[in-house]
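All of these numbers come straight from a predicted model, not from anything done at the bench. Residue numbers begin at 1 in each chain, while the letters A, B, ... track the order of the sequences.
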Amino acid sequence: MNDRRRINGPAGATLAPFFDDAAPQDLDTRSTRSRPPNATRKLLLKTGVTPSASGSAYLEIETSAKPGLSGLKLSCSVHGPRALPKSAPFSPHIVLSTHVKYAPFATQQRRGYLRDSSERDLGIHLETALRGAIIADRWPKSGVDIIVSIIEGDQDRETSKLQGDEVWDMMNTLSGCITVAAAALADAGIDCVDTVAGGVAALVQDADDGSAPSIAVDPIPSEHKRILAACCVAYLPTRDEVTNLWFRGDLPASDLDLYTSLVGHGIQASKNANRVLIDCLSGTVG
Amino acid sequence: MTTTTPPTLAIPGQLLGPASRYQPGPGTHLHESNLHASLVGQVHITQPARALGPAKRLTKITPAPAPAELPTLSVTPATQLASAPSREKKKREVLPEVGNVVLCRVIRITPRQAVVAILVCGDTVLEAEWQGLIRVQDVRATEKDRVKIYESFRPGDVVRAEVISLGDQTNYYLSTTRNELGVISAVSEAGNTMVPVSWKELMDPKSGLMELRKVAQPQ
Amino acid sequence: MASSQHVLLSPAELAYLHASLSLTPPIRPDGRSPTQFRPLVAETGILPGTNGSARICFADGTEAIVGVKAEVERTAQRPGEETVFLEEGGAGGDGDDEEEEAGQGLDKRKGDASWVEMTVEIPGLRDDDSGTAFLAAMLSEALLADGEFAKRLWINRRFHWKLYLDIILISPPLSYPLPLLSLTTHLALLSTRLPRLKSEGDEDPFFDDDWAAAPYLFPRTTSSSSTPSSTTTKSPTPAATRPPITLLVMAVGNNIIFDPSKEELAVADVALAVSVTGLSPSHETETGGGTAGEKQTGRNLRLLSIRTIDPPSRLTAPGVANAANTAYGASNGTSNGTQKMAEAEAVEGVWRPPRGGAKRMVLGALVQKVLERGGVVDEVLDALEGADSG
Amino acid sequence: MPITILAPRPSRPTRKHPQEDASVTSDTDSEAGGVDLDGDLPMTTTRPSKRARLNTTTTQSTAAFEIVTPGEIITDDPQWMRGHGTYVTPSTTAITSSVAGTMTRTNKLLSVRPLRARYTPEVGDLVVGRIVEVQAKRWRVDVGSTQLASLPLSAINLPGGILRKRTETDELQIRTFFAEGDLLVAEVQQLFADGGAVLHTRSLKYGKLRNGVFVAVSGTGGGGGVVRSRRQVWTMEAANGGGLVDVVLGVNGYVWISKHVETPEAGADSSSSSKAAAGITNMEESVSTTMYSSQNDRIEVEAMREIARLRGVVTALVENGLRVDEDMVVRGYHEAVEMAMVSAEGPDDIYLGGERGQQLAAALRGA
């Protein structure tokens, strides 16, 4: 998929100079998690940031003290409800469309302007999470666009080198997307059964080997030696229901308790995020 | 959990009260026989109007013995309240509903119908553009077969109309049959704002020329 | 949008389906038992130009073809790229940096997610449709979840296999195509063979021309005696894992239903795609963890990924109770038309699209049912193995 | 066994009745086949198949399932008339097939019924359709044809009496009668020149469908699928206490199987025949109240099971290339009930897919 509308650098461009600022042995002394395993990072949530949108919200997860490690910065705007295009068939419900887009500079590797497959994938996850939360039949014949822009992608500069897999970052991002989109939806005045928020928990191994893996809430991949499994849940606290569950990892089937407690911790993380969401929304009414 | 009185402010999902004591209104939803909020805003309790008359409410299957007697709970977004501090100009979008009186601008006319864009619904200025349709038979109540669209509306006119149907996938169906409905503002061919003369004529005050419209009764 | 476009079913049909699927035991419209799959016809090795291929079709004519092609690719070794072997060669190492470290034998082989490229093609959907991206992500996620699969593609420190999995659905799907695509991919991977490596060390790889000697990507436990040499070259092959399979399960009421058809999915309370892999029973001892003392039949299953599938039930039109139906004769007046969206309690026989999410218990039960030892997954894996060898 | 995976097998034999081709057509057919395959050039004519086909046709064989392919010359004997699915090349008399299908002869008329085809509406057909679009004064209905059929608002019974005049209110409330997705049974009233159909439901036996399941039987012809027959709608007594079940076989291949519902008044004493009341006006009043209901009545588990079994019979018939009509469905159903009796799971076993369906089809062929 080529972006033909803009002039991008040649495909085989040379790499930007890379300064090996850390000696190889220093790399191993990764930042370790200073929070307790069941504590989430601090969250900033604000609604009504984009005046032109029907509803909007901004979410920021605290940046770690360590330099070179960026936090998560998301902005979400909700456009609508508005009339569906003429060609669309009659819909008794509101038609939800979700877009998740990384800013080109949000991650270590530059992203193009067109959505790539991982962004589409995130979009579907987000749609699933939100569709369970909204009351769609309140808005017949209308559509709403939910656009989440990832301004800063919660990535350690070193992380992808060490982990080799960005899926764990995607889970953190998705959980933020869910929370910020829920706030923006509430801001837009679209009926929801509950406030949905995202939460992530992971099964991590901190020591090199031998030690039993432990469960950490809101994990930062670079803070852990190895992530064995992780899950991202979208949770409705009042109804005690999960609208989206995304699990990935490698767990023996015989140890289902591990899975259950992983999901439980994910829900715990989501409840934490939900408190921030409720505070934020209450602030707009009062 | 307040079981006796509903809270004054609500967040989506918040418990407002049992369905046996309240009727669900706008901004609320039912979940497991309880009313929950579905919007962020202030909670209002509306006592039922006594003059409901022989409404068909009794046929509705609700667990309450006499639903018509119950007060209605609703959640109104703060930004929509007149009393709310206007730190935000924005209002929550509303959908035109059957029975609403709307203001719309005529976009184009055909011999059978006038296509309009709905601008204001009730007291709310709409953000999105919803399209409506005034069919030739819905222009006025009498002599329907002699109505001509071009003698009733012209593109650019601002019309007050009532929503009579959700319509098809794109259009709401509107009607201007009542006296107080019809063109409320129009510009003559010469480009001057016209004043109403009769229920079917407008006059250009500068040139004195008359133009035919379905004119709304001035209020 | 995510799960098979717009379903057009009447509220009466949906109410009926929901009622019959909520019974204990549920009555499925096609008479299957809750755990039963639709019968399918399968064959492998149908495309001679590929490293592995398979075809599966349903009785309703839905058909999927998967072709696996492998190409040798030079492993990017520059720093700053995603795959740097810092542990072995040091940060600044050029490609030819030869530092044999026998001690790191086990850890030597590295895999990378980008070595597998999976595309899903579904007729009737645009290439850039999010639904296909989601399906492809789901299938490749399962494949890469344990990190072991990519290691199989390692040739030496400078080269690796790049595996292209092309999944093509022949006709527009009549139901959510996930199980079909997953089973076909599984079969294709089972039949995938990579040429036997003849070179040694980190030199430019060259391969044995004899296709018959090419080892299977997933070594077969049954026929391992015929190709003993192949398994030795891939020295520390972990337990004979199978490719993952992704199953679609849904819950209606208290029932858990496998492989739902389109109509069934349209009334689902919740639908999950669960990816699992099974280790062959013979390698049972290798896995630590939960195999304490109990010796059970069946495989050691491993849970790889779970995704929630947005059930199309939320997008269905609600039914109108007779009491509220204006076409029902009496209350013809539109006087209370403004109250049309009034909330009402559920009425029996009237379809209401589900709202909200799924209870934690339900999700747990769904996963547990899939992972049941000696349960559905085991039988599916057995059947697939049979289809491949047969 | 939750899953059955079969090895692919050659496509199913096209013959339907084994005993038929054994007795009558085997010799002529094998001759014809031989000529066709060898392309017997010494026969001087450029179209070896023509003569062969001519042979078979002139012998008046009853081989009802002779497959022809597009471009294949059926005959050049001028005594035959060309029918559907055939054409005559200009300046010759050769009748050529234009579709792949089975050849049928009606007296001197040669026609080819396509193996798979979309439904071609004909006036008077009873069809089951699904609303796909609601317009201002009509509905667009999917009937499995190449085009959507249309159902004008004026062609339905309005609630409150059959003769009530259509009003503007009805027009505004059009969606309360039928909305997108709704299923209905109707009759083709009229055809447009382009093949589009206009439906009507102006009879008490037509209207919205509820209390049951839908199954689409794709394609017609080739011996499979729904065929036009004397009766497309019937009520049958289901086994195992399933009660009465209505079956609607739309000519278009859409099938509706539902619990039989007495009209509300007659429902109280089900013994009295409610059918007789079809013409009485106050009956119509009561019928029309439920006419556009989308609320299902209470359906017993037994009825649901038998409805699912009937649905299984219909799908099994189609998958095995048998025709779907009242006779076959009823026979198939009884066969299925008996099969379930002897099966391991007992009479509650209603699965008729895969091998079970083939078994059923074999039993029906043999009978």
Side-chain angles (χ1 to χ4, degrees), chain A residues 1 15-16 18 20 24 27 89 91-93 97 109 114-115 117-118 120-121 123-125 127-129 131-133 135-138 160-162 164-167 193-194 196 229 231 234-236 239-256 259-260 263-264 267, chain C residues 1-2 6 78-84 86 90-92 110-113 127-131 133-134 136-138 141 144-148 272 276 287 289-291 300-310 314-315 317-318 341 353 355-360 363-364 367-368 371-373:
Chain A
M1 204 186 315
L15 282 162
F18 177 83
D20 194 3
L27 280 172
S91 162
H93 298 127
S97 56
Q109 198 132 37
L114 297 178
R115 288 195 295 156
S117 64
S118 72
R120 288 173 202 284
D121 188 24
I124 296 261
H125 277 297
E127 186 181 330
T128 310
R131 184 155 295 142
I135 305 179
D137 51 11
R138 293 284 164 89
S160 63
K161 270 198 294 188
L162 298 168
D165 200 356
E166 62 176 0
V167 71
V193 290
D194 203 345
V196 64
C231 79
Y235 178 72
L236 306 172
R239 295 166 77 101
D240 185 27
E241 285 174 348
V242 174
T243 59
N244 187 28
L245 168 67
W246 182 21
F247 166 89
R248 188 191 151 126
D250 188 16
L251 282 185
S254 47
D255 208 358
L256 206 62
Y259 157 77
T260 317
V263 173
I267 287 174
Chain C
M1 215 179 290
H6 199 71
R78 286 164 303 174
E81 289 284 358
E82 288 198 337
T83 58
V84 185
L86 290 166
K110 286 277 173 184
D112 189 276
D127 307 351
D128 57 349
D129 187 271
S130 298
F134 186 74
M138 182 155 40
E141 171 180 276
L144 298 165
D146 58 355
E148 292 298 317
L272 285 186
V276 287
T287 53
T291 54
N300 274 321
L301 298 181
R302 295 188 76 83
L303 176 64
L304 296 179
S305 94
I306 299 172
R307 281 181 181 223
T308 315
I309 305 292
D310 189 15
R314 295 207 184 103
L315 292 176
M341 288 189 291
R355 261 183 203 167
K359 295 281 180 212
R360 227 189 299 183
L363 291 176
V367 176
Q368 192 171 12
L371 296 177
E372 216 170 41
R373 220 182 153 84

Non-hydrogen atoms of [X] and [Y] that approach each other most closely:
| X | Y | value |
| --- | --- | --- |
| C:Asp310 | A:Glu127 | OD2-OE2, 4.3 Å |
| A:Gly264 | C:Arg360 | CA-NH1, 4.2 Å |
| C:Ala145 | A:Gly249 | CB-O, 3.3 Å |
| C:Arg314 | A:Gly132 | CZ-CA, 3.5 Å |
| C:Gly131 | A:Ile124 | N-CD1, 3.9 Å |
| C:Pro353 | A:His93 | CG-NE2, 4.3 Å |

- Message: As an exercise: rank C:Leu272, C:Val367, C:Val276 by heavy-atom pairs under 4.5 Å with chain A and give me the winner.
- Response: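 Most heavy-atom pairs under 4.5 Å with chain A: C:Val367.
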
- Message: So, applying side-chain contact (heavy atoms from CB on, under 4.5 Å) with A:Arg248, which one of C:Leu304, C:Leu144, C:Ile306 is it?
- Response: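 When C:Leu304, C:Leu144, C:Ile306 are each tested with A:Arg248, the side-chain contact (heavy atoms from CB on, under 4.5 Å) holds only for C:Leu144.
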
- Under the side chain to side chain contact (heavy atoms under 4.5 Å, CB included) rule, collect the residues that match up with A:Ala234, sequence neighbours excluded.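 Applying side chain to side chain contact (heavy atoms under 4.5 Å, CB included) to A:Ala234 gives A:Ala129, A:Ile178, A:Val196, A:Thr243, A:Asn244.
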
By a 4.5 Å heavy-atom criterion (distance strictly below it), what part of [X] contacts chain C: side chain, backbone, both, or neither?
| X | value |
| --- | --- |
| A:Asp240 | both |
| A:Leu245 | both |
| A:Leu236 | side chain |
| A:Val193 | side chain |

- Message: Any non-hydrogen side-chain atom of A:Arg131 less than 4.5 Å from a side-chain atom of C:Leu315?
- Response: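 In contact.
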
- Does the side chain of A:Asp121 come within less than 4.5 Å of C:Arg307's, by heavy atoms?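 Counting from C-beta outward, C:Arg307 and A:Asp121 do come under 4.5 Å.
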
- Query: CG/C:Leu301 to CG/A:Leu256 distance, rounded to the nearest 0.5 angstrom?
  - Reply: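 One gets 11.0 Å once the value is rounded to the nearest 0.5 Å.
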
- Roughly how far, to the nearest 0.5 Å, is OH of A:Tyr259 from CG of C:Leu363?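 Rounded to the nearest 0.5 Å, the CG-OH separation comes out at 6.0 Å.
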
- Message: The criterion is side-chain hydrogen bond (donor to acceptor under 3.5 Å, both in side chains); which residues satisfy it with C:Ser305, sequence neighbours excluded?
- Response: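 Listed in chain order: C:Glu141, C:Ser275.
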
- Task: Could you check C:Arg355 against A:Asp137 for side-chain contact (heavy atoms from CB on, under 4.5 Å), going step by step and ending with a plain yes or no?
- Result: CA-CA 10 Å; C:Arg355 261 183 203 167; A:Asp137 51 11; 3.8 Å; yes

